[in-house]
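Take a look at the structure below.
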Amino acid sequence: MKKILFICPYFGAYPNYFNLTLNSIKNNPTIDWLIITDIKQHYDYPDNVKVVYTTFAELQQKVQSYFNFKISLNTPFKMCDFRPAYGILFKEYLTDYDFWGHCDFDCIYGNLRKFLPEDVLDTHERIYCLGHMSLYKNNDKINNMFKNKLDTDTDYKGIFTHDKSYSFDEMGIIRIFTNNNIKIYNKFVFADIYPWEQPLRCVQTTVNVTEKQHNSYINKERRQIFEYSNGVLQSIYLDNKSSNIIKKQEYMYIHLQRRFMQNLTNNINKYLIIPNKFIDYQNIDKNFILNNSKDWILYKRYLKTRRSWNKRKSKLKKWFNL
């Protein structure tokens with residue numbers, strides 16, 4: 001079995017459902033995580049998680065030490081552009097691993113190994129294409145591939161020296177891999193939830209290397225909620241609002257980007273995921289699914305207003321040292 005390590009620098013505060021994320025990590029005991037953080041809050045970290053405590057300033061110094069030019073790394077989010085270089089930046093942790101990767105913590109993970117079969121790992125050097133979860137084969141060729149400039153959009157020196165976010169972990173590095181005939185495996189086995197509508201709708205995003213853009217597709221007919229049960233994540237859905245047949249589909253993980261979630265479940269091993277809530281498991285029928293997949297026309301405005309208020313509140317806390 002190939003050994004896998006996810007490398008996750010994370011600073012500030014974890015999502016309020018991080019205990020659920022950690023439990024889903026615990027239920028993937030054959031995969032390891034390295035968390036590099038300044039968050040000292042107590043959590044019950046499972047055995048497959050190694051935590052390295054550091055400040056963001058110390059991480060900045062560490063990253064800078066690998067480059068002979070002045071980098072721009074002023075916010076934790078900018079680390080996304082440095083992800084393709086993790087094989088070099090964190091090489092001291094990778095000695096025993098066949099693959100390294102990056103992932104997000106606004107996720108609940110299902111049975112990852114089911115979607116990472118050995119034959120795929122044997123025959124591919126990059127697994128999946130998006131920033132919320134990707135794997136790279138741990139060898140010198142792949143670990144240094146980010147240095148292969150195609151144009152200004154793939155020039156790592158330019159990207160690493162500017163504050164702007166370039167999505168280098170998605171568009172740029174995939175263009176480089178494609179140009180160098182690196183074998184990439186990509187299937188939509190994850191539930192990437194569209195952030196700008198209230199229902200839990202999956203968005204399928206592809207990296208179009210020819211047009212240098214992301215293309216997205218959303219099935220707006222499907223009505224669904226999600227169930228997490230002892231390491232297995234499933235969508236429970238109707239094909240459309242008129243359907244009377246409840247179906248299930250297993251997913252690798254669910255990505256809840258930009259969602260303000262309420263963590264209301266008392267059982268971290270079995271619960272439901274409905275729009276903006278984790279709740280205790282209950283019996284599910286058609287009405288339950290329909291009631292929890294309704295559109296709210298003002299949702300996007302609500303989301304932007306709340307995000308704006310959170311930013312202002314954060315600034316006020318800094319100004320008044322609250």
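Values reported hereafter were calculated over all heavy atoms of this structure, with side chains retained and with hydrogens, waters and symmetry mates removed. This structure is a prediction, so every number in the text was calculated from the model and none was measured. If you read the sequence from its start, that first residue is 1, and numbering goes on from there.
There is a side-chain donor-acceptor pair under 3.5 Å between Asp280 and Asn266. Defined by atom type and a distance below 3.5 Å, a donor-acceptor pair is present between the side-chain atoms of Asn263 and Asn19.
No close placement of the Tyr251 and Phe190 rings is indicated, their centers lying 6.0 Å or farther apart. Taking the six-membered ring where the residue is Trp, the centroids of Phe18 and Tyr43 are separated by under 6.0 Å. In this structure, the ring of Trp33 has its center less than 6.0 angstrom from the ring center of Tyr109.
Open room surrounds CG on Asp47; 12 or fewer heavy atoms of other groups in view lie less than 6.0 Å from it. Enclosure of atom CG in Asn215 by more than 12 non-hydrogen atoms of other residues, nucleotides or ligands within 6.0 angstrom is indicated. Other residues, nucleotides and ligands place more than 12 heavy atoms under 6.0 Å from the NZ atom of Lys270.
Here salt bridge (charged side-chain N to carboxylate O under 4.0 Å, His left out) pairs that include residues 201-214, with residues two or more places apart or in two chains, are Asp151-Lys212, Asp153-Lys212, Glu197-Arg201, Arg201-Asp295. Residue pairs meeting the salt bridge (charged side-chain N to carboxylate O under 4.0 Å, His left out) criterion with at least one partner in residues 24-39, sequence neighbours excluded, do not occur; the list is empty. Screening residues 59-68 for salt bridge (charged side-chain N to carboxylate O under 4.0 Å, His left out), with sequence neighbours left out, gives Lys62-Glu92.
Partners of Asn292 by side-chain hydrogen bond (donor to acceptor under 3.5 Å, both in side chains), not counting sequence neighbours: none found. Residues passing the ring pair (Phe, Tyr, Trp, His ring centres under 6.0 Å) test with Phe67, sequence neighbours excluded: Phe69, Phe160. Not counting sequence neighbours, Glu221 has no partner by the salt bridge (Lys or Arg N to Asp or Glu O under 4.0 Å) test. Residues meeting the salt bridge (Lys or Arg N to Asp or Glu O under 4.0 Å) test with Lys50, sequence neighbours left out: none. In terms of the side-chain hydrogen bond (donor to acceptor under 3.5 Å, both in side chains) criterion, residue partners of Arg259 (sequence neighbours excluded) are, by chain and number, Asn276. Contacts of Tyr45 classified as side-chain hydrogen bond (donor to acceptor under 3.5 Å, both in side chains), with partners at least two apart in sequence or in another chain: Tyr14. For Tyr253, the side-chain hydrogen bond (donor to acceptor under 3.5 Å, both in side chains) partners two or more places apart in sequence, or in a different chain, are His132. With sequence neighbours excluded, no residue forms a salt bridge (Lys or Arg N to Asp or Glu O under 4.0 Å) with Lys183. Residues satisfying the salt bridge (Lys or Arg N to Asp or Glu O under 4.0 Å) test with Lys247, not counting sequence neighbours, are Asp239.
Scanning both residues, Tyr136 and Asp169, for their nearest heavy atoms gives OH-O, 4.1 Å. Nearest heavy atom pair, residue Lys3 against residue Asp98, reads N-OD2, 2.7 Å. Nearest heavy-atom pair, Leu200 versus Ile273, reported as atom, atom and distance to 0.1 Å: CD1-O, 3.4 Å. In plain terms, the two heavy atoms of Phe11 and Pro76 that are nearest each other are CB-CG, 4.0 Å. When all heavy atoms are compared, the tightest approach of Pro9 to Leu59 is CB-CD2, 4.2 Å. Scanning both residues, Asn138 and Asn143, for their nearest heavy atoms gives OD1-ND2, 3.0 Å.
Because its NZ or CZ atom is not both nearer than 6.0 Å to the ring centre of Phe288 and within 45° of the ring axis, Lys286 does not count as a cation-pi partner of that residue. Cation-pi geometry between Lys187 and Phe115 is not satisfied (NZ or CZ under 6.0 Å from the ring centre, within 45° of the ring normal).
The main-chain N or O of Phe177 is never found under 3.5 Å from a side-chain atom of Arg126 such that the two would form a donor-acceptor pair. In terms of modelled atom types and a separation under 3.5 Å, the side chain of His102 and the main chain of Gly131 share a donor-acceptor contact. With hydrogens and angles ignored, the 3.5 Å screen pairs no side-chain donor or acceptor of Asn180 with any backbone N or O of Ile182. Between the side chain of Lys137 and the backbone N or O of His124 there is no donor-acceptor pair closer than 3.5 Å. Judged purely by atom type and a 3.5 angstrom limit, Asn148 has no side-chain atom pairing as donor or acceptor with the backbone of Ile176. The closest donor-acceptor contact from the side chain of Asn208 to the backbone of His214 lies at 3.5 Å or more, if one exists at all. Asn179 places no side-chain N or O within donor-acceptor distance of the main-chain N or O of Arg175, the cut-off being under 3.5 Å. Within the 3.5 Å criterion, the main-chain N or O of Tyr217 finds no donor-acceptor partner in the side chain of Gln204. Remark: the backbone N or O of Leu238 is not paired with any side-chain donor or acceptor of Ser243 at under 3.5 angstrom. A donor-acceptor pair under 3.5 Å is absent between the side-chain atoms of Asp104 and the main chain of Asp106, judged by distance alone.
No single ILVMFWY cluster, assembled from side-chain heavy atoms under 4.5 Å apart, contains both Ile35 and Tyr17. One hydrophobic cluster, built from ILVMFWY side chains closer than 4.5 Å, cannot hold both Ile236 and Tyr228; they sit in different ones. The same ILVMFWY cluster, assembled from side-chain heavy atoms under 4.5 Å apart, contains both Met252 and Leu22. Both Trp100 and Ile127 sit in one connected hydrophobic cluster of ILVMFWY residues. Membership requires side-chain heavy atoms under 4.5 Å apart, directly or through other members. Grouping the Ile, Leu, Val, Met, Phe, Trp and Tyr side chains by contacts below 4.5 angstrom, directly or via other members, places Tyr281 apart from Ile268.
Within the 4.5 Å cutoff, the side chain of Ile274 has heavy atoms near those of the Ile279 side chain. Phe168 is listed as a side-chain neighbour of Pro84, based on a closest heavy-atom distance under 4.5 Å. Between Leu135 and Tyr128, every side-chain heavy-atom pair lies at or beyond the 4.5 Å cut-off.
Atoms NZ and OG1, on Lys78 and Thr75 in that order, are 8.0 Å from each other to the nearest 0.5 Å. If you take OH on Tyr166 and CD1 on Ile159, they are separated by 7.0 Å, rounding to the nearest 0.5 Å. Here the CG atom belonging to Leu233 is positioned 10.0 Å from the CG atom belonging to Leu112, to the nearest 0.5 angstrom. Between atom CD1 of residue Ile193 and atom CZ of residue Arg258 there is a gap of 14.5 Å, rounded to the nearest 0.5 Å.
Each of Glu227, Lys248, Glu250, Gln224 was checked for a side chain to side chain donor-acceptor pair (under 3.5 Å) with Ser235, and the lone residue meeting it is Gln224.
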### Message
The test is side-chain contact (heavy atoms from CB on, under 4.5 Å); show your working for Phe77 and Ser165 and say whether it passes.
### Response
CA-CA 8 Å; Phe77 184 74; Ser165 175; 3.6 Å; yes
### Task
Just do the side-chain contact (heavy atoms from CB on, under 4.5 Å) check on Leu256 and Ile254 with the steps written out, would you?
CA-CA 6 Å; Leu256 297 162; Ile254 184 171; 3.8 Å; yes
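Ring orientation note: the planes of Tyr93 and Phe90 are tilted relative to one another, at an angle of 30° to 60°.
With respect to the salt-bridge test (charged N to carboxylate O, under 4.0 angstrom), the residues Asp122 and Lys2 qualify.
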